[in-house]
Every structure is written in C-alpha cells, then in structure tokens.
Amino acid sequence: MKKVVRVLLILIGFVAVALVGFVSFAAIRGVPTYDPPVIQDLKIEVTPARLARGAKIAQMHCIACHSDADNHLTGHQLSDLPSLFGTIYSMNITQDTTFGIGNWTEGELLYFLRTGLRKDGSFAGIMPKFATMADEDLKSVIAWLKSDAAPVQPVAKEAPASDFSLFSKLLANTVIKPLPYPEQAIVIPDSTDEVAFGRYVADGLGTCFACHSADFTKQNPQHPELSAGYYGGGNEMKTPDNKPIFTANLTFDDETGLGKKYTKQQFIQAVKACIRPDGSLIRQPMFPHLMTDYEVGAIYEYLKTVPKLKNDIAAKEKEALAQQ
Ligand code: HEC
Ligand code: HEC
C-alpha cells in the first residue's frame, strides 16, 4: 500500500472513531447544562394594557404549546413536531409552586424567554426563544403569567418528561445553544413605518419565520432574516392526523409564493381566521392569529420586501404523501 493511502486510511479511522465517540458522548450527556446565569432583578408594573397585550401574545404562543384539554397551562405532547426530535412535552407553567412556575421571579422568566436558560443553568432546547420580541411585549406576557387569568391558576400536575431523540441530543450538543441576553433595549418600531412595523410583527412578535422557513435546525432567532430559506417555507411538520405537511412559501414569488395568490385583505383573513381566498381552510399546525388588521396588513407589506424564493410546497407535499 502506498504511504499516502495508508496515512489517509489511518486519518479516516481516527475521524470515524472520534465521530462514534462524539455521538455516544451526546447520547449519554443528553441536553447539556450551562453555568447558572447572573440574572438581574426586575419589577414589572401591572397595568390593564399590559395584561390585555400579554393575554393576546400568550394566546398566539404559550397557550398553543402549553395548554391542556381544560385550557390550563399544564403542558401537553407537541405532536406536530417531526418525530425526528423525539417525544416532546411542554411543561406546567401555571402558578403552582411545585409543578409549575409559581416560584420563578419576573427576572428569571424574562431571562428564560430570551435565552432558554433556567436559573440553575439547565437549557430548554425545544422551547422557542423570543430573541427579538420587544421588552414591552415580553413584560406584558410575564405580567399575564403572574395574573389571575384562568389558564395560569395553579394546577398540581406534572407533564410527562420529554424523551429526546439522539438527533435532538446531537443538536443540543452542537448547533442549538442558549442565546446571549440582549445588551440593548428592544423597542417596538413606530407603527407609521408600515414595513418596519410589519417586520417586527412577523419576526419579533409573531415569530412567523420560525415555521415559515426551510428548517427548524437552521434558524437564527437573533437575526431571523439569516435563517435558511427565510419565509420560503418548506419546514416539515405534522397534521393532527399525523400526515406530513410543509409550511407555506410566504415570499412574493409569482408561481410558488403569495405573489398572485393573496390581496392584502385576503391575507388578513388567512392569518386571522385560517381561511384561503377560495374559502378552503388552512390546516394545522397553522392557527388563527389574534392580531389586528393593521398588524397583519403590515406583515403583508413587509413580506413584499423579502427576497423571493421559488419553493413549490404543494409538489413537496404530494411527493411526501406518495412515499408514505
Ligand atoms: C413550540 C412550543 C412552545 C411554545 C410556543 C412555548 N413553549 Fe414554553 N416550553 C416548551 C417546551 C417543549 C418546554 C420544555 C423545555 C424544552 O425542552 O425546551 C417549555 C418550557 C417552558 C418553561 C420552563 C418550565 C420549567 O418548569 O422549567 C417556561 C417557563 C415556559 N416554557 C414558558 C413559556 C411561555 C411564557 C411561552 C409563551 C411566550 C412559551 N413557553 C411558549 C414549548 C413551548
Ligand atoms: C406553528 C407553525 C406556524 C406558525 C407559527 C405560522 N404558520 Fe402559517 N402556516 C403553517 C403551515 C403548516 C401552513 C400550511 C397549511 C396548509 O398547507 O394547509 C401555513 C400556512 C399559512 C398561510 C397560507 C398560505 C397559502 O399558501 O395559502 C399563510 C398566509 C400563513 N401561514 C401566514 C402566517 C403568518 C403571517 C404567520 C405569523 C403571524 C404564520 N403563518 C405563523 C405553519 C405556521
């Protein structure tokens, strides 16, 4: 054997051993724990406006993932996630002090929602991080979590523990990491600048990009526009009856995106009520969004400015169904 070939084979051998070693390491280590973070104290003033805003934001995000059949936030299995991630449950976020988050301070909640880190340094890898939501909006959510709203009243019930797949553990040991706590204040853009405001509503408030991009594992929560396939859709999810479904292409590509499909008014109806221009229903996991017409209209104006991507979602779904 030539010397070069021998050296190459030895090198490949080393890489293979290292890879197997790393996979076993991730399998045993699971989702890693970090140093306990330093968390600033915070006192959130409760106002009726904050409670109303918090309820609305919770309806779009927290309730969808954390509610049980009785509409209390005790957690449930997230069955619309691809099974590749494992069997994932959300957790009890009612005010119960044993099973819920009754003992969490406002500062701990804000820190967690931004970064994914709990005060003990344990890391929530699956739960979305609200990296670009405005401080004011997150404070409203926290005020609501601490309020006397029915869904967050204490319920002493523990959600089953998640069974993370090897794939999830590998991700949590490589690409999915806690986010840094923002150094600067994050404010809601002036609503008279419709495009800038629409960008905030889409990326920061609605986190539409999280579903409507190419791949959950290639997202950039701090700079959503750098996510793979930003608003081009194609992220694979599951319908309630366990069929593959792909998120829609929301760029203004004429053939495969929203370009010719939706007027602004029809888009508002689609996002608020999940009804398409032809009267058909937009299926879950898309859900009706509690937003004002102005907010959804602004998303539409923003999406017009996003680089167009050609991505034929209907063809993708047909192909996936044929393979089943
Ligand atoms: C896509 C589903 C999803 C959404 C949306 C979501 N969560 Fe979660 N949440 C989870 C999962 C899953 C966990 C368990 C941790 C993990 O594995 O990531 C969790 C964990 C938590 C925890 C930690 C609880 C504990 O005892 O450790 C808190 C607090 C929390 N979520 C609050 C919220 C709030 C507030 C919102 C709304 C702003 C929200 N979540 C939106 C899925 C979600
Ligand atoms: C939990 C994931 C998820 C989130 C978050 C989400 N969507 Fe969707 N959306 C989907 C899926 C899946 C579909 C495809 C439904 C279907 O094919 O019936 C869809 C479809 C749509 C459609 C229909 C497109 C068409 O081609 O007819 C529009 C419009 C839309 N979403 C807009 C939005 C906007 C705007 C936001 C943020 C405010 C958003 N979505 C947030 C998952 C999501």
Side-chain angles (χ1 to χ4, degrees), residues 31 54 57-67 73 75-78 80-81 85-86 88-94 96 98-104 108-113 116-120 122-130 133 137-138 140-142 144-145 152 158-159 161-162 164 168 172 176 198 201-203 205-212 216 231 233-239 244-250 256-258 261-262 266-272 274-278 280-291 295-296 299-300 302-303 313-314 317:
V31 178
I57 300 172
Q59 188 70 48
M60 282 193 289
H61 294 291
C62 332
I63 293 180
C65 270
H66 282 273
S67 75
L73 303 192
H76 68 237
Q77 188 184 342
L78 304 184
D80 57 5
L81 276 183
F85 290 97
I88 308 293
Y89 293 87
S90 57
M91 299 175 83
N92 184 335
I93 57 166
T94 71
D96 189 83
T98 309
F99 299 105
I101 54 171
N103 285 333
W104 289 46
E108 286 161 10
L109 282 166
L110 183 61
Y111 197 91
F112 177 81
L113 293 171
L117 277 183
R118 299 182 185 85
K119 68 170 168 188
D120 64 359
S122 64
F123 174 52
I126 301 279
M127 155 99 187
K129 283 101 204 138
F130 298 96
M133 195 181 280
D137 280 343
L138 277 180
S140 297
V141 172
I142 295 169
W144 181 81
L145 288 172
V152 289
E158 192 170 24
S162 294
F164 295 104
S168 280
I176 298 195
V201 179
D203 288 353
L205 177 63
T207 58
C208 316
F209 77 96
C211 285
H212 286 278
F216 284 114
Y231 287 119
N235 219 342
E236 183 169 358
M237 299 187 78
K238 284 195 301 189
T239 62
I245 182 171
F246 297 88
T247 61
N249 183 348
L250 301 186
T256 62
L258 294 185
K261 256 203 234 166
Y262 283 88
Q266 288 167 337
F267 181 78
I268 293 173
Q269 171 178 279
V271 176
K272 290 178 68 173
C274 278
I275 299 172
R276 287 201 178 83
D278 67 4
S280 65
L281 285 184
I282 302 174
R283 296 163 297 168
Q284 280 181 24
M286 177 65 187
F287 56 94
H289 284 75
L290 263 189
M291 288 178 167
E295 284 171 332
V296 182
I299 298 181
Y300 186 84
Y302 172 59
L303 288 172
I313 305 299
E317 182 173 331

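Counting convention: from 1, in listed order, for ligands and their atoms alike.
When hydrogens are left out, the protein atom nearest atom 28 (C) of ligand 1 is F112 CE2, 3.3 Å; that is the closest non-hydrogen contact. For atom 17 (O) of ligand 1, the closest heavy atom belonging to the protein is F164 CZ, 3.5 Å. With hydrogens left out, the protein atom closest to atom 29 (C) of ligand 2 is F267 CE1, 3.7 Å, a heavy atom. Protein heavy atom at the shortest distance from atom 14 (C) of ligand 2 is F246 O, 3.8 Å.
Checked against salt bridge (charged side-chain N to carboxylate O under 4.0 Å, His left out), E295 has the following partners two or more places apart in sequence or in another chain: R53, K56. Residues forming a salt bridge (charged side-chain N to carboxylate O under 4.0 Å, His left out) with E158 (at least two apart in sequence, or on another chain): none.
In this structure, R276 and Y262 have side chains that are in contact, with non-hydrogen atoms separated by less than 4.5 Å. Counting heavy atoms from C-beta outward, I245 and R283 have side chains that approach closer than 4.5 Å. Considering only heavy atoms from C-beta on, L205 comes within 4.5 Å of D137 through its side chain. Between L258 and N249, the closest side-chain pair of non-hydrogen atoms is not below 4.5 Å. In this structure, the side chains of F209 and Y231 come closer than 4.5 Å at one or more pairs of heavy atoms. No side-chain heavy atom of Q266 sits under 4.5 Å from any side-chain heavy atom of I275.
Judged purely by atom type and a 3.5 angstrom limit, H61 has no side-chain atom pairing as donor or acceptor with the backbone of T207. The closest donor-acceptor contact from the side chain of S67 to the backbone of I63 lies under 3.5 Å. For H66 (side chain) and M91 (main-chain N/O), a donor-acceptor pair under 3.5 Å exists by modelled atom type. A distance-only check finds no donor-acceptor pair linking the side chain of Y300 to the backbone of F267 [under 3.5 Å]. Not a single donor-acceptor pair under 3.5 Å links the side chain of Y302 to the backbone N or O of V201. With H289 contributing its side chain and K272 its backbone, the two residues share no donor-acceptor pair below 3.5 Å. A donor-acceptor pair is defined here as one N or O able to donate and one able to accept, closer than 3.5 Å; such a pair exists between the side chain of S168 and the backbone of F85. Put simply, the side chain of T94 never gets that close to the backbone of L73: no donor and acceptor are under 3.5 Å apart.
Near H61, meaning under 4.0 Å from any of its heavy atoms, are these atoms of ligand 1: 5 (C), 37 (C). Contact atoms of ligand 1 toward Y89: 12 (C) (distance under 4.0 Å to a heavy atom of the residue). Close contacts of ligand 2 with K261, meaning ligand atoms under 4.0 Å from a residue heavy atom, involve 25 (C), 26 (O), 27 (O). If you number the atoms of ligand 2 from 1 as listed, the ones under 4.0 Å from a heavy atom of I245 come out as 15 (C), 16 (C), 17 (O). For ligand 2, the atoms closer than 4.0 angstrom to any heavy atom of P285 are 1 (C), 12 (C). Counting the atoms of ligand 1 from 1 in the order shown, those under 4.0 Å from a heavy atom of F130 are 38 (C). Residue R276 approaches ligand 2 through these ligand atoms, each under 4.0 Å from one of its heavy atoms: 16 (C), 17 (O), 18 (O), 25 (C), 27 (O).
If you look at W144 next to ligand 1, there are no close heavy atoms at all, none under 4.0 Å. Residue contacts with ligand 1 for L145 involve side-chain atoms from C-beta outward but no N, CA, C or O (heavy atoms, distance under 4.0 Å). The part of L113 lying near ligand 1 is the side chain, judged by heavy-atom distances below 4.0 Å.
Ordered by chain and number, H212 NE2, M286 SD make up the set of protein N, O or S atoms under 2.8 Å of atom 8 (Fe) of ligand 2. For atom 8 (Fe) of ligand 1, the neighbouring protein N/O/S atoms at less than 2.8 Å, given as residue and atom, are H66 NE2, M127 SD.
Atom NZ of K119 sits in a sparse spot, with 12 or fewer heavy atoms from other residues, nucleotides or ligands closer than 6.0 Å.
Residue R118 holds the heavy atom nearest to atom 27 (O) of ligand 1 of all those in K129, R118, Q59. The closest heavy-atom contact to atom 41 (C) of ligand 2, among the options H289, K272, K238, Q266, comes from H289.
Residue-ligand proximity: A58 is placed with every non-hydrogen atom at 4.0 Å or more from ligand 1.
Considering both main-chain and side-chain atoms, R283 comes within under 3.5 Å of ligand 2 through a nitrogen or oxygen pair. The shortest N or O to N or O distance between Y262 and ligand 2 is under 3.5 Å.
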Show, in sequence, the C-alpha distance, side-chain angles and deciding distance for N235 and T247, and conclude whether the side chain to side chain donor-acceptor pair (under 3.5 Å) test is met. CA-CA 5 Å; N235 219 342; T247 61; 5.2 Å; no
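The aromatic rings of W104 and F112 stand perpendicular to each other, their planes meeting at an angle above 60°, with 30° marking the opposite boundary.
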